[in-house]
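Single-structure report; data block below.
Values below: all heavy atoms of this structure, side chains included; hydrogens, waters and symmetry mates excluded. Letters A, B, ... mirror the listed sequences (proteins, then strands); counts begin at 1. Quantities reported herein were computed from a predicted structural model and do not represent experimental measurements.
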There are 2 protein chains.
Amino acid sequence: MGTKVELNPVLEELDSTSTLEGLEQIAIALRDRLEIRHVVYHWVDSAGDQYGCTTYPDAWVQRYQERNYHRIDPVIIGCFQRFHPIDWKSLDWSGKTSKAFLQDALQHGVGNQGYSIPIRGPNGQFALFTVNHSCTDEVWRQITQAYGRDLILIAHYFNRKALEFESNRQPEVSRSLSPREIDVMTLLALGYSRAQVAHSLSISEHTLRVYIESARFKLGALNTTHAIATSMSRGLIVV
Amino acid sequence: MGTKVELNPVLEELDSTSTLEGLEQIAIALRDRLEIRHVVYHWVDSAGDQYGCTTYPDAWVQRYQERNYHRIDPVIIGCFQRFHPIDWKSLDWSGKTSKAFLQDALQHGVGNQGYSIPIRGPNGQFALFTVNHSCTDEVWRQITQAYGRDLILIAHYFNRKALEFESNRQPEVSRSLSPREIDVMTLLALGYSRAQVAHSLSISEHTLRVYIESARFKLGALNTTHAIATSMSRGLIVV
DNA sequence: TTTCTACTCCCCAAAAACAGCGAGGCGGCA
DNA sequence: TGCCGCCTCGCTGTTTTTGGGGAGTAGAAA
């Protein structure tokens, strides 16, 4: 690990890729270029319906999904509350389930050193970009220091592509709300009751209800809570 | 704008800064180095209690806050639903309020060209990093193309520091929701009634209420709708 | 071991939301 | 001019949700 490898070509490739298979190729190429064990982009979906590309052995990927490991994986838990990239060593590996998980991972070919970058997109999207290896702490420190910034950019580009593919799969249509409806939805989302909202907008509660109903209708929502949730996830209101 | 300016020193400075004033100095230095009009890091807070550092004139910053412009600012609305950096030209500036806002901005010294990078952190944190200038489309295209990647990294570093300062100010760690609570909040956000949620989780409606209440308590929410909105904006649930 | 959190169940009265009906004024658009 | 969307206000009644209580289990952590 003497000289630093130039990673700009990786970004170029990421920019011009248009398939998930292409992303996987790039992950493999990056792994080989850095001479490390694994490179993983992992979209963490709340439902567990996960998606990404990885150089991990299939057996491990399958086991991870089967056992719903994303619920207990300390890397995910840890990265979920942080912003900056994190070395696996600084995570909390105490606890029975964590230790068992780690053992299982190591036995499936995952290296003992890891460096993960959390990435977040619109609507609460969350993903991880991880590089993994098996080496001494000192060597690993040098690698992560040397490539830290490049990896942030690469993570960003991976996620950009993943979001692109996903939006192709589910094209959204959204009708906009009227200004007054936006006011109402926003205040409701902030926790005010209908009476409070009516008062703070200086309208009668009856009028307020008309807004709620029309917003609900436009959004195709089943009830007020659903309308709020829909407005938020479509970015119609910002709370 | 012939030769490209090296921006790595900016990252070094960002790494070693420990005060908000330091960030502002760096923003000014970056503006001068790129020879553009403005550089803005803007933390968009849920309440409108905004925070950041900017080279915009004070008059504009004040006006922006007074008028709650963050609610109608097309840059914010647009970036909030996207992941990749965006040129202001590709945003939707039709609409009366948008046009009035743009006029107001231009009259307060904001340049007509802009390039904004959305950044997201834990708990639904959202911020924007913007570079702004007044020039022709072609010149602006060259600038954003040349510095696009650097700006992503700089945005990332700005946000890292901002989060660092903020966590010093508010050491309170928001307790996360239990798996069952997440299930409940998710299903409620999808519009199901309590009876439906209870049935689909195979628990009694009474038990369901306990989850809702404990989630509400943990989130400091005033009612169920507020709890849903809070869960979503903190990224605890995804709908 | 003890303590803690997560999960499950139960009651009741008051408040809120829902669903349906109606009305009129204002402004933009064709 | 007529149509349409937006804003405003009113009524009645039913259903759902919400605010407090309390209590017991199991499993993991300290």
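- A:Leu201 places its CG atom 17 Å from the P atom of D:dC6, with the value rounded to the nearest Å.
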Under 3.5 Å, which N/O atoms of the protein pair with N/O atoms of nucleotides 27-30 of chain D?
none

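- Rounded to whole angstrom, the span from the CG atom of B:Leu177 across to the C1' atom of C:dT5 amounts to 14 Å.
- Scanning all heavy atoms of the two residues, the minimum distance from A:Leu177 to A:Met185 falls at CD1-CG, 4.0 Å.
- At least one donor-acceptor pair under 3.5 Å links the side chain of A:Thr144 to the backbone N or O of A:Trp140.
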Dump the intermediate steps for side chain to side chain contact (heavy atoms under 4.5 Å, CB included) on B:Ile119 and B:Leu128, then the final yes or no.
CA-CA 6 Å; B:Ile119 325 156; B:Leu128 279 184; over 6 Å; no
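- Between the side chain of B:His108 and the main chain of B:Asp104, a donor-acceptor pair closer than 3.5 Å is present.
- Contact annotation: A:Ser178 side-chain N/O to D:dC7 OP1/OP2 distance is under 4.0 Å.
- Here D:dT17 presents its P atom at 15 Å from NE2 of A:His226, a figure rounded to the nearest Å.
- Between A:His206 atom NE2 and D:dC11 atom P the separation is 6 Å, expressed in whole Å.
- Ring geometry for A:Trp93 versus A:Trp88: interplanar angle of 30 to 60°, hence tilted.
- Considering only side-chain N and O atoms, A:Arg180 lies under 4.0 angstrom from the phosphate OP1 or OP2 of D:dT8.
- In this structure, the CD atom of B:Gln196 is 14 Å from the C1' atom of D:dT15, given to the nearest Å.
- Going from atom CD1 of A:Ile203 over to atom P of D:dG10 covers 11 Å, rounded to whole Å.
- Taking each heavy atom of B:His84 and B:Pro118 in turn, the nearest pair found is O-CD, 3.8 Å.
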Dump the intermediate steps for side chain to side chain contact (heavy atoms under 4.5 Å, CB included) on A:Asp92 and A:Ser98, then the final yes or no.
CA-CA 8 Å; A:Asp92 176 25; A:Ser98 297; over 6 Å; no
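- Here the closest non-hydrogen pair linking B:Glu181 and B:Tyr211 is CG-O, 3.9 Å.
- Annotation for A:Leu201 and A:Arg180: closest pair O-NH2, 3.1 Å, computed over non-hydrogen atoms.
- In terms of phosphate contacts, B:Lys218 brings no side-chain nitrogen or oxygen within less than 4.0 Å of OP1 or OP2 of C:dT5.
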All N/O pairs under 3.5 Å across the protein-nucleotides 17-22 of chain C interface:
{"residue": "C:dA17", "atom": "OP2", "partner": "A:Arg194", "partner atom": "NE", "Å": "2.7"}
{"residue": "C:dC18", "atom": "OP1", "partner": "A:Thr224", "partner atom": "N", "Å": "3.1"}
{"residue": "C:dC18", "atom": "OP1", "partner": "A:Thr224", "partner atom": "OG1", "Å": "3.1"}
{"residue": "C:dC18", "atom": "OP2", "partner": "A:Thr224", "partner atom": "OG1", "Å": "2.5"}
{"residue": "C:dA19", "atom": "OP2", "partner": "A:Arg216", "partner atom": "NH2", "Å": "2.7"}
{"residue": "C:dA19", "atom": "N6", "partner": "A:Arg209", "partner atom": "NH2", "Å": "2.3"}
{"residue": "C:dG20", "atom": "O6", "partner": "A:Arg209", "partner atom": "NH2", "Å": "3.2"}

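- Close to C:dC9, at under 4.0 Å from its OP1 or OP2, lies a side-chain N or O of B:Ser204.
- When distances are taken from the side chain of B:Thr207 to each of C:dC9, D:dC7, C:dC7, the shortest belongs to C:dC9.
- Contact annotation: B:Tyr211 does not reach the phosphate of C:dA6 (side-chain N/O to OP1 or OP2, under 4.0 Å).
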